[in-house]
Chemist: 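Sharing a structure, written as structure tokens. Questions coming.
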Amino acid sequence: MRIGILGSGLMGGKLGTLFARAGHEVVFSYARSRKKLTRLAREAHGNARAGTPAEAAQDADAVLLAVHWSRVRDVLKQAGNLSGKVIISCSLPMNADDTALVIAQRSSGAEALARMVRKSHVVAAFSTVPSEVLFGVFKSRRKRTRPSLVYCGDNTRAKQIAARLIRDVGFDPVDAGPLRIARYTEPFALLMAQLAYEGEGGAELAYRFERFRERT
Ligand SMILES: NC(=O)c1ccc[n+]([C@@H]2O[C@H](COP(=O)([O-])OP(=O)(O)OC[C@H]3O[C@@H](n4cnc5c(N)ncnc54)[C@H](OP(=O)(O)O)[C@@H]3O)[C@@H](O)[C@H]2O)c1
């Protein structure tokens, strides 16, 4: 598939690299320097290149939205017409200093995003995983047991694309249902981040937590 990366930081940079290594065509976009995008494309060792958000979105089978919540409108504007596109979003609706969700309980960032891009198909995925574990999960992808990763969305084709990408990265995709389920998974993602970045044991603890389903 052709995947456009909108936001090439910790999540977008790593996921784009892994999508390219899994055989997809990837366009990295939206970082503060073009040099960084070019380096990411070169180091992906696959079919990857640097581009603008509009180039990343053009002809893409799916775009990955991986920017801070405060940058969502800007990157969408730069991407241009996303009508009919599949948008896989890992972006959480966080405040400026990343200490709290600004949308929760009765809605979610994913649902707010779907309202911003009404003619696109939003799938919420990858927000529950700390970026630190992604390469390790990919490396272990041929093992019999894989960590689970939940995703949700309202469009069947978009969810199939997301499930394939989740599988390609090395996770076992778990369909959590319609997009409104994101209002339950997003606070959970915050807990995961807290475990990963602030707790004893760090990312490893979060990774083990994801395997909970297999251990019970
Ligand atoms: N990191 C995680 O483990 C994690 C886990 C789950 C969910 N998330 C969510 O995923 C989303 C992305 O997180 P992240 O950690 O990947 O963030 P990040 O590392 O800060 O990446 C954001 C990207 O946006 C780019 N950017 C920011 N301001 C820009 C501007 N003015 N012009 C152009 N590009 C700009 C950054 O450029 P530079 O590369 O130049 O900085 C970077 O490439 C967030 O919504 C976060 O809540 C993150």
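Both ligands and their constituent atoms are indexed starting at 1 by order of listing.
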Chemist: Show the atoms of ligand 1 that are less than 4.0 angstrom away from any heavy atom in S127.
Modeler: 6 (C), 7 (C)

Chemist: Charged N to carboxylate O below 4.0 Å: is that the case for D74 and K77?
Modeler: no

Chemist: What salt bridge (charged side-chain N to carboxylate O under 4.0 Å, His left out) pairs are there with at least one residue in residues 17-31, not counting sequence neighbours?
Modeler: R2-E25

Chemist: Indicate whether the side chain of H24 and that of D168 have a donor and an acceptor atom separated by less than 3.5 Å.
Modeler: yes

Chemist: List every atom of ligand 1 that sits less than 4.0 Å from any heavy atom of C90, numbering the atoms from 1 in the order shown and giving each element.
Modeler: 7 (C), 8 (N), 9 (C), 10 (O)

Chemist: Does some non-hydrogen atom of A66 fall short of 4.0 Å from ligand 1?
Modeler: yes

Chemist: Check each heavy atom of M11 against ligand 1 and say whether those closer than 4.0 Å belong to the side chain, the backbone, both or neither.
Modeler: both

Chemist: Under 4.0 Å, heavy atoms only, figure out whether ligand 1 is touched by the backbone of V129, its side chain, both or neither.
Modeler: backbone

Chemist: Tell me the nearest of F126, W69, Y30 to atom 34 (N) of ligand 1, using heavy-atom distances.
Modeler: Y30

Chemist: Tell me whether the count of non-hydrogen atoms from other residues, nucleotides or ligands lying under 6.0 Å of CZ in R141 goes above 12.
Modeler: yes

Chemist: Is E132 close to ligand 1, meaning an N/O of one under 3.5 Å from an N/O of the other?
Modeler: no

Chemist: Residues sharing I181's hydrophobic cluster, by side-chain heavy-atom contacts under 4.5 Å among ILVMFWY, directly or via others?
Modeler: Y184

Chemist: Going by the order shown, which atoms of ligand 1 are within less than 4.0 Å of some heavy atom of P130?
Modeler: 3 (O)

Chemist: Picking from V27, L65, L64, L37, what satisfies side chain to side chain contact (heavy atoms under 4.5 Å, CB included) with I5?
Modeler: L64

